[in-house]
Every structure is written in C-alpha cells, then in structure tokens.
There are 2 protein chains.
Amino acid sequence: MPVTVLLVDDEPLVRAGLRAVLEAQDDIEVVGEAADGAAVIPLVRRLRPDVVAMDVRMPLMDGIEATRAVLRTVEAPPKIVVVTTFENDEYVYEALRAGADGFLLKRARPAEIVHAVRLVAEGESLLFPASVRRLAARYGDGDGSPAARAVLERAALTEREAQVLRLMTRGLSNAEIAARLVVGAETVKTHVSAVLAKLGARDRTQAVITAYESGFVAPG
Amino acid sequence: MPVTVLLVDDEPLVRAGLRAVLEAQDDIEVVGEAADGAAVIPLVRRLRPDVVAMDVRMPLMDGIEATRAVLRTVEAPPKIVVVTTFENDEYVYEALRAGADGFLLKRARPAEIVHAVRLVAEGESLLFPASVRRLAARYGDGDGSPAARAVLERAALTEREAQVLRLMTRGLSNAEIAARLVVGAETVKTHVSAVLAKLGARDRTQAVITAYESGFVAPG
DNA sequence: GGGCGTCTCCCCCGCCCGGGGGAGGCCCGC
DNA sequence: GCGGGCCTCCCCCGGGCGGGGGAGACGCCC
C-alpha cells in the first residue's frame with residue numbers, strides 16, 4: 001500500500017509542486033492539502049495520513065504549533081516533515097524540538113524530497129536526516145552548531161549522556177569511560193543504555209555512526 | 001626526552017623552515033639534515049632519529065625509494081613523515097604504500113606540522129592522519145578517492161574485508177553481514193577480526209571510528 | 001610442482017555488552 | 001511537601017563479540 005501524505009502550506013504553488021513531485025511516485029499518494037496549521041488536526045483525524053509535510057511559517061498557526069498540536073491530540077500521530085525555505089531557519093529547530101521527524105528544504109531536488117518522505121514513512125529515524133547533518137557541518141564546530149544542538153535536544157540527551165556518547169565516539173569501552181568520568185561501571189552502563197534508547201541504536205557502534213551522521217561529532 | 005627529527009629535503013629553504021618550526025618546540029629536536037634520499041640510510045643509522053621528515057621529490061633518490069630503503073634495511077626504523085607541496089600528489093600515496101606513517105603539506109600551519117611530528121613519534125597511528133581524511137573528503141566519493149584507496153592499501157585490507165568494514169559502518173551485526181554477503185557467520189567473524197587487526201582497532205566500534213576519521217566512509 | 005594469499009568454515013572460550021528491573025540521593029518546580 | 005528528572009549504583013541474565021587455533025579449496029605466481 002502506498003505512503004499517504006498530507007500537504008500543509010499556505011502557498012498553493014508550493015503545494016502543487018510537492019504534489020507533482022510526490023504523485024510522480026507510484027508508492028506515494030497525496031491524500032489531502034491544507035493552507036494553514038489550524039486546519040491540520042481534523043484533516044489528520046479524517047485522512048489518517050502516514051506523513052504530514054508541514055510548512056513552518058503560516059499565517060494562523062505555524063508549523064511548530066501545528067506539530068505540537070497534532071502530536072498532543074491525535075492518537076497514533078503521523079510522521080511530520082517540516083518544510084522550510086531557508087537553511088538556517090531557527091524555526092525549523094523549534095519544530096524538531098516540538099517533535100517533527102525531519103525537515104525538508106523547498107529547493108531540494110525532487111529525489112531528495114521523495115526520499116525524505118519514504119524514510120520517515122518507514123519510521124527510519126529521520127531524527128538525523130542528511131540535511132541536518134549537512135547543516136551541522138556547515139555551521140559547525142560540530143558541537144555547538146544550532147543544528148547539532150537541535151539534534152541533541154530532540155534526542156533529549158542529558159548532559160551526562162552526551163558526555164558519555166562523546167567518549168563512545170572516541171572508541172572507549174564502558175570501563176574506560178567509567179575511569180575517565182570517575183564513576184562506577186554500572187553507572188556508565190545506565191547512561192549508555194539511555195543513549196542507545198534515545199538514538200534508536202541497537203548497540204554502541206550504531207550510536208557512534210549516528211553521532212557522525214548527525215554532525216554530533218565531526219571527523220578530524 | 002625530546003623527539004629527535006631528521007630532515008630530508010633537497011631545498012635548503014624548506015629544511016630551514018622545518019627546522020625553525022620544529023626547534024621552536026622544546027620537546028622536539030632536529031638532529032640532522034640531508035639533501036637527498038640517498039644520504040638517508042647512514043644518517044638514520046648514526047643519528048637514530050625518532051622521526052624522519054622526508055621530501056617526496058628529490059634528485060637522486062626520491063622519498064618513496066628512501067622510505068622503502070630505510071624500512072627494509074634499518075633495524076627499529078624511525079617513523080617517517082612524507083613531506084609534499086601538492087595536495088594531490090600521487091607520489092604521496094606511493095610513499096604511504098611504501099610504509100610511511102603519515103604525510104605533511106609544506107604549506108600546513110606550523111602547529112599542524114608540529115602536531116604531526118609529535119603524533120607519529122608517539123606511534124599514534126598517523127596511518128590515518130586528518131590531512132589524508134580531508135584529502136579523501138575533497139576528492140571523495142569517499143570510496144574511490146585516491147587517498148581512501150591509499151589508506152586501504154596501506155592497511156592492506158582485502159576486497160572482502162573492505163566490504164565487511166563498509167557494512168560495519170552501516171551498523172550491521174556479524175549475523176546481518178553474513179546474511180547480506182550470503183556466507184557463514186564464522187566467515188564474517190574471520191573477516192572482522194582481520195579488519196580489527198589491520199586497523200589496530202580493539203572492537204568494531206573503533207574500526208568504524210577509524211573508517212570515518214580516515215575518510216574510508218564519509219558522513220551523509 | 002610448490003608456495004602464498006584469499007575466502008570459506010569449524011572448534012573452544014572468556015568477556016564485555018546490553019536488557020530488565022530496582023533503588024537511593026539530589027535538586028528543581030509545582 | 002511532593003513529584004519528577006537526573007545521576008548514581010546494584011542485581012541477574014543471555015547473547016553477541018572477539019581471540020586463538022585449525023583446516024580445506026581455489027587461484028596466482030615463481
């Protein structure tokens with residue numbers, strides 16, 4: 001069965017463009033459109049789309065509020081991809097914080113847009129999409145960049161967990177991390193488990209990969 | 001005790017520059033100079049430097065041949081850093097293949113040069129220096145780039161092992177890699193062990209980190 | 001023909017890793 | 001005060017991981 005998508009954008013032109021791009025795929029179906037975040041809730045309830053492509057800036061209710069509203073009030077909410085024009089849109093980070101599953105640049109190539117929709121539909125943690133990573137790299141001292149910060153906050157890593165993750169990306173074992181942080185090995189295990197859970201990683205290797213792919217750490 | 005360095009370059013100006021940069025550090029001592037690779041062996045035998053900073057292109061014997069000669073004939077040979085002017089110097093990869101421990105751009109910042117010398121002196125596998133990684137990134141589809149290829153050949157990963165490493169960097173477990181390659185789990189274990197040994201990694205996580213840091217794989 | 005390297009598979013073994021659940025102390029905010 | 005989040009530590013337990021050694025089959029090169 002196809003991936004169903006709801007488009008939410010105040011500009012008809014953008015909606016038409018997204019529709020054209022997405023409908024060109026035979027495994028994606030655009031099931032509805034809305035011109036403002038305020039209209040999203042009932043539409044989501046009625047259409048039950050797999051994915052909502054949500055504009056950030058809209059007149060009545062912006063994408064951030066709408067994202068929060070959907071996630072708060074709808075049962076088994078759809079995946080939400082935030083759509084934005086600017087790469088350095090602080091609003092986007094807000095949206096990610098609000099619980100969106102990824103974001104999309106309007107000027108992205110059609111293939112990228114399609115890819116993003118498919119990925120989030122599969123639940124494939126677009127928590128850390130390549131675009132976020134690229135952003136992080138661009139603005140990035142890797143660690144203090146707004147994107148990386150957003151990623152962190154989205155993953156809701158605590159300070160201690162982030163610290164542990166950083167040491168994991170340096171190849172340290174649990175025992176070595178424990179020695180470095182001067183805590184017990186069991187404590188480290190607790191933190192590592194928390195990191196794995198929050199990043200959706202199965203083991204420390206996957207967590208380290210995610211850290212690299214997200215721009216949480218930069219090579220070199 | 002300080003790190004002792006032998007400079008090998010046909011241009012006096014370059015030698016003077018390197019000497020100035022390195023002697024400015026109180027933990028580094030330049031113990032000798034040579035103008036050609038042909039003079040290296042006896043000098044290394046007599047001075048027993050920790051590190052040889054070796055130019056690639058020299059009139060009589062180039063840095064590649066000299067590197068081979070030193071590693072073949074000298075007991076407990078020094079670490080060798082290959083010095084080059086051009087970033088995309090194919091000769092450099094040859095030198096790495098010949099057994100050099102890292103390389104250095106002549107126009108690198110003094111701090112970088114000092115850093116490189118200290119690192120190789122510590123034996124800190126400069127097998128995968130940041131400069132190689134940057135090179136790989138610059139030229140790089142990550143995989144087919146000359147630098148990545150050189151890194152591969154330097155590490156002497158076989159095709160199969162490289163394939164396994166690539167799947168490791170995607171977060172796959174041994175069982176999953178086995179399924180993907182349609183071989184037994186024991187076979188994968190053998191390959192993984194070989195990769196770990198060749199990369200000097202203790203576990204798969206460290207191997208993946210090395211893969212990222214070396215440019216063997218690029219984030220995104 | 002006889003190495004040598006690669007790929008394949010097998011054994012045993014120890015251990016770190018990760019999951020689950022529990023618990024106490026701390027600070028902060030309601 | 002009381003809850004909640006965070007950090008800390010503890011238990012048990014299974015499984016994947018990594019080390020060691022061995023071995024057969026194939027192709028390549030001398």
Side-chain angles (χ1 to χ4, degrees), chain A residues 71-72 97-99 125 127 149 151-212 216, chain B residues 72 97-99 125 149 151-212 216:
Chain A
L71 295 181
R72 199 175 49 230
R97 251 169 252 148
S125 169
L127 245 174
R149 254 186 290 121
V151 164
L152 255 184
E153 291 178 29
R154 176 74 179 78
L157 289 189
T158 68
E159 187 120 357
R160 203 55 159 169
E161 288 159 357
Q163 208 170 1
V164 168
L165 176 56
R166 232 168 266 127
L167 293 174
M168 287 164 68
T169 65
R170 304 205 44 189
L172 274 62
S173 67
N174 287 345
E176 288 166 344
I177 294 174
R180 189 73 71 90
L181 298 182
V182 199
V183 297
E186 305 81 7
T187 303
V188 174
K189 282 188 59 178
T190 304
H191 291 316
V192 170
S193 291
V195 169
L196 298 187
K198 288 181 178 177
L199 295 188
R202 187 179 51 197
D203 50 49
R204 66 201 299 111
T205 304
Q206 288 190 352
V208 167
I209 293 170
T210 297
Y212 272 102
F216 177 74
Chain B
R72 199 176 48 229
R97 253 170 251 148
S125 168
R149 254 186 291 123
V151 163
L152 254 184
E153 292 177 29
R154 177 77 178 77
L157 289 190
T158 68
E159 187 121 355
R160 204 55 159 169
E161 288 160 357
Q163 208 171 2
V164 168
L165 176 56
R166 230 167 269 127
L167 293 174
M168 287 165 69
T169 64
R170 303 204 45 187
L172 274 62
S173 67
N174 287 344
E176 288 166 344
I177 293 174
R180 188 72 70 91
L181 298 182
V182 198
V183 295
E186 304 81 8
T187 303
V188 174
K189 281 187 59 178
T190 304
H191 290 317
V192 169
S193 291
V195 168
L196 298 188
K198 289 180 178 177
L199 296 187
R202 187 178 49 198
D203 50 49
R204 65 202 300 110
T205 304
Q206 287 189 353
V208 167
I209 292 169
T210 298
Y212 271 103
F216 177 75

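To find a chain, count down the sequence lines: A is the first, B the second, and so on, and within it residues start at 1.
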Expressed as a whole number of angstroms, how long is the span from A:L181:CG to D:dC9:P? 10 Å
Do A:L181 and A:V164 come within less than 4.5 Å of each other through their side chains, counting heavy atoms only? yes
Tell me the interatomic distance from A:E186, atom CD, to D:dC10, atom P, rounded to whole angstroms. 5 Å
Near-strand residues of residues 167-179 of chain A, defined as heavy-atom separation under 4.0 angstrom from DNA chain C: A:S173, A:N174
Can you tell me if A:T158 touches the phosphate of D:dC7, counting only side-chain N or O atoms and a distance under 4.0 Å to OP1 or OP2? yes
Please enumerate all residues that pass salt bridge (Lys or Arg N to Asp or Glu O under 4.0 Å) together with A:E176, with sequence neighbours excluded. B:R202
C:dC9 base / B:T190 side chain donor-acceptor hit below 3.5 Å: yes
Euclidean distance, atom CD of residue A:Q163 to atom C1' of D:dC6 [Å, nearest integer]: 13 Å
Rounded distance (Å) that lies between atom C1' of C:dG14 and atom CG of B:D203: 16 Å
Side-chain touch A:I209/B:R170, heavy atoms, less than 4.5 angstrom: no
Distance from A:K189 atom NZ to A:I177 atom CD1, nearest 0.5 Å? 13.0 Å
The helix from C:dG1-D:dC30 to C:dC15-D:dG16: angle between end helix axes, five pairs per end, rounded to 10 degrees: 10°
What are the two closest heavy atoms between B:A207 and B:L165, and how far apart are they? O-CD1, 4.1 Å
Can a donor-acceptor pair be found, under 3.5 Å and without considering hydrogens, that links the side chain of A:R204 to the backbone of A:L172? yes
Winner on side-chain proximity to B:L196, out of D:dG18, C:dG18, C:dC7, is D:dG18
Just checking, any donor-acceptor pair under 3.5 angstrom between side chains of A:R166 and A:Q163? no
Under 4.0 Å from OP1 or OP2 of D:dG18: is there any side-chain N or O of B:S193 that close? no
Checking C:dG18, D:dC10, D:dG19 against the side chain of A:R204 (C-beta onward), the nearest is C:dG18
For the residue pair A:T205 and B:M168, establish whether any side-chain heavy-atom pair is separated by less than 4.5 Å. no
Check the distance between C:dT8's P and B:E161's CD and give it to me in whole angstrom. 11 Å
Does C:dG18 have its OP1 or OP2 closer than 4.0 Å to a side-chain nitrogen or oxygen of A:R202? no
The nucleotide from D:dC7, D:dG18, C:dC9 with an atom nearest the side chain of A:R160 is D:dC7
Shortest side-chain distance from B:H191, nucleotide among C:dC9, C:dC7, C:dG18: C:dC7
Distance-only donor-acceptor test (3.5 Å): side chain A:K189, base C:dG20: no
Any side-chain heavy atom of A:H191 within less than 4.5 Å of one from A:L167? no
Whole angstrom value for the distance that separates C1' of D:dC17 from CD of B:Q206: 14 Å
